[in-house]
Amino acid sequence: MSTLDLFAPEPDDTARMAQLRQSLHAHGHSYYVLDAPTVPDAEYDRLFRELQALEARHPELITPDSPTQRVGGKPLDGFAPVRHAVPMLSIRTETDTEASGAENFDARIRRELGLGPSDPAIDYVAEPKFDGLAMSLRYQQGVLVQAATRGDGEVGEDVTQNIRTLGQIPLRIVAPALGTDVSSLPPEVAHFALGRPGGETCPSVPAVLEVRGEVYMRRDDFEALNDRQRLAGQKCFVNPRNAAAGAVRQLDPAIAAQRPLSFYAYGLGAVTPPEAGGPVWQSHFEMMQALKRWGFPVSELVKQAQGAPELVAYYAAIGQQRDGLGFDIDGVVYKVNSLALQRQLGFVTREPRWAVAHKFPAQEMLTTVLAIDVQVGRTGKLTPVAKLAPVFVGGVTVTNATLHNEDEARRKDVRVGDTVIVRRAGDVIPEVVSVLLDKRLDEPAVFTMPRQCPVCGSAAVREEGEADYRCTGGLFCSAQRKQSLLHFAQRRAVEVEGLGDKLVDQLVDAGIINTLPDLYRLGFTALAKLARMADKSAQNILDALEKSKQTTLPRFLFGLGIRHVGEATAKALARHFGKLDAIMDAPEEALLAVADVGPIVAKSIRTFFDQAHNREVVEQLRACGVTWPEGEPAPVAAQPLSGQTFVLTGTLPTLGREEAKALIEAAGGKVAGSVSKKTSFVVAGAEAGSKLDKARELGVAVLDEAQLKELLDGGA
DNA sequence: TTACCTCGAGCTCA
DNA sequence: CTCGAGGTAA
């Protein structure tokens, strides 16, 4: 007999614990998801404490899906990155905020599917677009193992600890045995039944199931939370969305647990395929109903809709109900219901073609223009910015709104002292919509772009055909120097950790730093004299500078801040030439050979390196010890289609649209959207439309898929 | 663009 | 306690 056996739990305890877990799951589901408690709170608490007591006695029997495991857990050091098995894509936004905007979507779908006016209406699902944060919940063998934020769509953050505390999110999905009649199950089990068409149950829980949805905060919970915050002398949250986002990013799950979050499921990520015993669905709606049965909160407002008219009606109806919903939404989402049609429609770059977000018109508010500032960018570009009396609009306090350039400022005729309508356009950027002219009391001066740089006083000029004024001061202009330094020191460039805008302001204003190489000549004493810069901070900056000296060619090139050379172009240049000297001395024609470098970019690079002081900066940086590994120039890939422009139309027999496009681009060709004289070839498939007619009209060569492939293989 | 969380460190006052 | 910097999200 091993010693372990002495401590073996009573078989009764094991069974009782399983039983308690199941009851608590079921009651919890009724309470949190269905909002219909099946037992009094006191009874729930009693069961919960009984389970806790048993778990205290048998810690080895605690399961990750135990209801007691929602709260607790230790504060994290940080959030671990999580790669999404299926990327979390963004969804296209319909720009038209009239209810009839839905018609554009329907028309586009019908066109893509090649449907005529006499074909039947398309089956859609319409749902509210919740204003919260996207979340992916991963279940393995039915147990919640990971909750991840969206991140960049490919890689998000692991916030499982915090998401576990959400009572609405099942910790476990339960499947009854195969052949069980779902309707005969007691309600608390039926909620977890895995549905198949026809009521048949799934043989087992899918090995993998990722549920996608939105974490949000209800308005009443938000108000209550803020009342609590006020009482506790803590600061209040500005809006429910930010409160929810903040809660999710808490390192201490105990704090996250006190923030009342909610969840709505709206889709799936990775799922075990049917061949491997996974569930089968025909439509999105059916899938959502299954999610509901499995215990996930699915909004009652998710509706099926036939064709454009019902989508338009849905948009209007939800807009009507919006204020009374109890939570914030920023629009609605339409999805093609049939999963088969979704597959057929596919994706454009990173967005599904079968879904669209249709937002409500942005909220607008009145405020006054306190001033119109002119900011100077890294390249000397002058940007007029309206300084506004703070207004709360669309959930945030707006104090600035860019006027972009002189033409834009003139077109809107914004003047100091004006009363203006502001809104948060599109996603986030505040915008001055218009001026209320009848509120203009005296006649303030029309805004004009200063002909001198507001920072350095150099002439500001507007080139022929350009919208922007630029300060001609170059490095004489402290604003440009500051911006150049910040650009060089940013993370994606040469990364000098700890060098932010406040420090750069101090360094430049004090005249300690004028050029990039001056950064590396900084002394400890000079640094330590600055405000909020004692010994420790000064040393940290010096260490960061030392570390930054080891860099890479693309980072360095990007960091130089050459006009039109962003991260992608810097990478392409580095790959193509291998060495910096080769780039610095390359004639424009050589630069043009780099993928994605056109005449404007080539000229800009040439101009930059033709200036002696820029070459001097590079030499000095090298002399200061900034280095990077240099490589060999990449052999120029065979580009049989370079210089040729293609237009795709109709459905090709084997290649998808995206595939064909990628192949053409990989071979150096360009793919355009419409046919013109400059089009080299039109590639036509089945049911080609007007583009084919246009091609014939203009006498552009027409290819079929086979001929395209021949060209790609290097044929004439 | 704004808001939120976190971290390290400086400043201030006891 | 407050600030600056850095990161994330929409």
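Quick note on labels: first sequence line is chain A, next is B, and so on, each numbered from 1.
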By the 4.0 Å heavy-atom rule, please label N239(A) as base, sugar-phosphate, or nothing. nothing

When the distance from CG of L530(A) to P of dC11(B) is rounded to whole Å, what number comes out? 11 Å

Protein-nucleotide distance (Q229(A), atom CD; dC4(B), atom C1'), rounded to Å: 12 Å

Do D509(A) and K482(A) meet the salt-bridge criterion of a basic N to acidic O distance under 4.0 Å? yes

Which of dT2(B), dC4(B), dC5(B) is nearest the side chain of R259(A)? It is dC5(B)

Remember a base hit wins even if backbone is also touched, and classify T402(A) as base, sugar-phosphate or nothing at under 4.0 Å, heavy atoms. nothing

Ring centres under 6.0 angstrom apart (F105(A), H358(A)): no

Quick check: are there more than 12 heavy atoms from other residues, nucleotides or ligands sitting under 6.0 Å from CG of D152(A)? yes

Rounded to whole angstroms, how far apart are CD on Q375(A) and C1' on dT1(B)? 12 Å

Start at the 5' end of DNA chain B and walk down; is the nucleotide closest to V238(A) or to A401(A) reached first? A401(A)

If the sugar-phosphate is the primed atoms plus P, OP1 and OP2 and the base is the rest, what is the B/S/- string for nucleotides 2-10 of chain C, using protein heavy atoms under 4.0 Å? BBSSSSSSB

Take atom CG of N162(A) and atom C1' of dC5(B), then tell me their distance rounded to the nearest Å. 11 Å

Under 4.0 angstrom, heavy atoms only, what part of the nucleic acid is F237(A) near: base, sugar-phosphate, or nothing? sugar-phosphate

In whole angstroms, the gap separating P of dA3(B) from CE of M217(A) amounts to 17 Å

Side-chain N or O of N540(A) less than 4.0 angstrom from OP1 or OP2 on dG8(B)? no

When rounded to whole Å, the CZ to C1' distance for the pair F79(A) and dC4(B) reads 12 Å

Does OP1 or OP2 of dA9(B) have a side-chain N or O of S537(A) closer than 4.0 Å? no

What do you reckon, are the aromatic ring centroids of Y264(A) and F130(A) less than 6.0 Å apart? yes

More than 12 heavy atoms of other residues, nucleotides or ligands under 6.0 Å from NZ of K387(A): yes or no? yes

D252(A) CG to dC7(B) P, in whole Å, measures 11 Å

Starting at the 5' end of DNA chain B, which residue's closest nucleotide do you reach first, A531(A) or F392(A)? F392(A)

Assess whether atom NZ of K571(A) is packed by more than 12 heavy atoms of other residues, nucleotides or ligands within 6.0 Å. no

Are D328(A) and K129(A) close enough for a salt bridge, meaning some N to O gap below 4.0 Å? no

Atom CG of N400(A) and atom C1' of dA3(B): how far apart are they, to the nearest Å? 15 Å

